[in-house]
Amino acid sequence: MPMQRTRSTGSTAPMREYDRIIIGIDPGTNIMGYGILGIKGKQPLMIAMGLIELSKFDNHYMRLRRIYERVLGLVEQYLPDEMSIEAPFFGKNVQSMLKLGRAQGVAMAAALSRDVPITEYEPRKIKQVITGNGAASKEQVCEMLRRMLDIPRENLLPKLDATDALAAALCHYYESQKPVKTTSCKSWKDFIAKNPGKVTGL
């Protein structure tokens with residue numbers, strides 16, 4: 001049975017209906033950021049953002065369990081239509097990369113368990129979409145988000161993992177608004193080359 005799509009912004013905010021809700025995730029093994037973006041018409045609005053603190057767990061597997069439980073809780077609370085998650089960046093420390101990949105995978109599994117589709121974006125892509133500069137700092141991303149979504153300064157968190165997650169959600173919204181490109185074929189030979197599975201022997 002599908003979940004009833006009743007939307008709530010939380011106990012301190014009035015009930016509100018959105019056309020679409022996107023959850024953004026910034027994976028981490030010490031801190032994981034999340035951001036909830038609501039779309040009303042064509043207007044993106046921040047519903048919530050926050051941090052999942054993991055450093056208190058000494059055991060890596062307990063951290064993974066905590067990520068799964070919290071992300072699943074967020075999915076069930078806000079009923080997002082989609083998840084946008086930052087793809088792990090490549091680093092020299094293989095063990096750190098492995099742990100980060102596991103954290104991302106567990107967050108994705110929590111969303112998939114509730115049939116929420118997922119899109120990954122490279123950190124550089126998110127920065128490019130939000131600020132116009134793929135090499136922008138976390139502080140620059142945060143300030144641009146604050147302006148774009150009209151977020152009061154007092155609502156910003158001291159750690160920027162939450163705004164990184166919200167940036168992933170907003171990036172997905174903008175990218176999904178782009179028209180789908182169609183590839184035209186100049187000739188029959190060109191069509192066969194681009195669509196080999198659609199042509200059978202005569």
Side-chain angles (χ1 to χ4, degrees), residues 9-10 13 18-55 63 67 70-71 74-75 78 80-93 96-97 99-108 111 116-179 181:
T9 58
Y18 294 91
D19 301 317
R20 181 179 172 197
I21 288 181
I22 304 168
I23 179 172
I25 295 289
D26 177 34
T29 54
N30 291 316
I31 297 174
M32 179 172 282
Y34 67 86
I36 313 295
L37 189 72
I39 312 299
K40 189 73 171 176
K42 292 188 177 181
Q43 179 67 38
L45 302 163
M46 185 195 79
I47 299 175
M49 64 177 170
L51 303 169
I52 302 172
E53 298 280 355
L54 302 164
S55 55
R63 294 187 183 194
I67 291 169
R70 288 290 288 115
V71 173
L74 291 168
V75 168
Y78 294 103
D81 299 286
E82 299 143 279
M83 171 182 280
S84 176
I85 191 165
E86 186 175 299
F89 57 87
F90 292 99
K92 295 181 180 179
N93 189 319
S96 295
M97 284 295 301
K99 289 181 178 179
L100 186 59
R102 286 174 174 173
Q104 186 207 34
V106 167
M108 293 168 73
V116 177
I118 300 166
T119 305
E120 291 182 75
Y121 292 96
E122 303 234 350
R124 189 176 184 85
K125 174 66 174 179
I126 296 172
K127 292 176 181 179
Q128 178 67 39
V129 170
I130 301 302
T131 71
N133 177 12
S137 67
K138 286 176 174 285
E139 289 77 12
Q140 289 172 319
V141 171
C142 177
E143 178 59 22
M144 187 60 72
L145 273 178
R146 190 189 69 77
R147 296 180 182 180
M148 295 168 78
L149 298 176
D150 195 24
I151 303 171
R153 289 189 184 275
E154 59 269 21
N155 288 4
L156 296 174
L157 300 176
K159 294 181 179 177
L160 301 177
D161 306 81
T163 44
D164 280 353
L166 194 61
L170 187 59
C171 170
H172 179 64
Y173 169 65
Y174 286 137
E175 287 296 294
S176 65
Q177 292 300 102
K178 291 182 177 180
K181 293 182 179 179

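Numbers for residues simply follow the sequence, beginning at 1.
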Notebook entry, point to check: Which one of Ile67, Ile85, Ile52 satisfies the side chain to side chain contact (heavy atoms under 4.5 Å, CB included) criterion with Ile25?
Noted result: Ile85
How close do [X] and [Y] get, counting heavy atoms only, and between which atoms?
{"X": "Arg124", "Y": "Gly134", "answer": "CG-O, 3.4 Å"}
{"X": "Asp81", "Y": "Pro117", "answer": "O-CD, 3.2 Å"}
{"X": "Ala103", "Y": "Thr29", "answer": "CB-CG2, 4.3 Å"}
{"X": "Ala167", "Y": "Ile130", "answer": "O-CD1, 3.8 Å"}
{"X": "Ile21", "Y": "Tyr78", "answer": "CD1-O, 3.5 Å"}
{"X": "Leu157", "Y": "Ala162", "answer": "CD1-CB, 3.7 Å"}

Next item on the list: For Tyr121 and Val129, run side chain to side chain contact (heavy atoms under 4.5 Å, CB included): C-alpha distance rounded to whole Å, both residues' side-chain angles, the deciding distance at 0.1 Å, then the answer.
Entry: CA-CA 11 Å; Tyr121 292 96; Val129 170; over 6 Å; no
Donor-acceptor contact present, side-chain [X] to main-chain [Y], <3.5 Å:
{"X": "Gln43", "Y": "Lys40", "answer": "no"}
{"X": "Thr131", "Y": "Gln128", "answer": "no"}
{"X": "Ser84", "Y": "Gly24", "answer": "no"}

At what distance, to the nearest 0.5 angstrom, does [atom1] of [X] lie from [atom2] of [Y]?
{"X": "His172", "Y": "Thr119", "atom1": "NE2", "atom2": "OG1", "answer": "4.0 Å"}
{"X": "Leu170", "Y": "Met148", "atom1": "CG", "atom2": "CE", "answer": "5.0 Å"}
{"X": "Ile151", "Y": "Met46", "atom1": "CD1", "atom2": "CE", "answer": "5.0 Å"}
{"X": "Met144", "Y": "Lys127", "atom1": "CE", "atom2": "NZ", "answer": "14.0 Å"}
{"X": "Ile126", "Y": "Asp164", "atom1": "CD1", "atom2": "CG", "answer": "7.5 Å"}
{"X": "Glu86", "Y": "Lys125", "atom1": "CD", "atom2": "NZ", "answer": "14.0 Å"}

Notebook entry, point to check: Do the non-hydrogen side-chain atoms of Asp26 and Leu160 ever get within less than 4.5 Å of each other?
Noted result: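 No, their side chains stay 4.5 Å or more apart.
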Next item on the list: Compare all side-chain heavy atoms of Gln177 with those of Pro44 and state whether any distance is below 4.5 angstrom.
Entry: no
Item checked: Working for side chain to side chain contact (heavy atoms under 4.5 Å, CB included), residues Glu82 and Tyr173 -> CA-CA 10 Å; Glu82 299 143 279; Tyr173 169 65; over 6 Å; no
Next item on the list: For the pair Thr163 and Val141, evaluate side chain to side chain contact (heavy atoms under 4.5 Å, CB included) and give the outcome as yes or no after the intermediate values.
Entry: CA-CA 8 Å; Thr163 44; Val141 171; 5.6 Å; no
Margin query: Could you tell me if Arg63 and Asn30 have a donor-acceptor pair between their side chains, going purely by distance under 3.5 Å?
Written below: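 Their side chains do contain a donor-acceptor pair, which is all the 3.5 Å distance test asks for.
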Next item on the list: Could you walk me through whether Val71 and Met108 pass side chain to side chain contact (heavy atoms under 4.5 Å, CB included), step by step?
Entry: CA-CA 9 Å; Val71 173; Met108 293 168 73; over 6 Å; no
Next item on the list: With sequence neighbours excluded, give me every salt bridge (charged side-chain N to carboxylate O under 4.0 Å, His left out) pair touching residues 150-162.
Entry: Glu143-Arg153
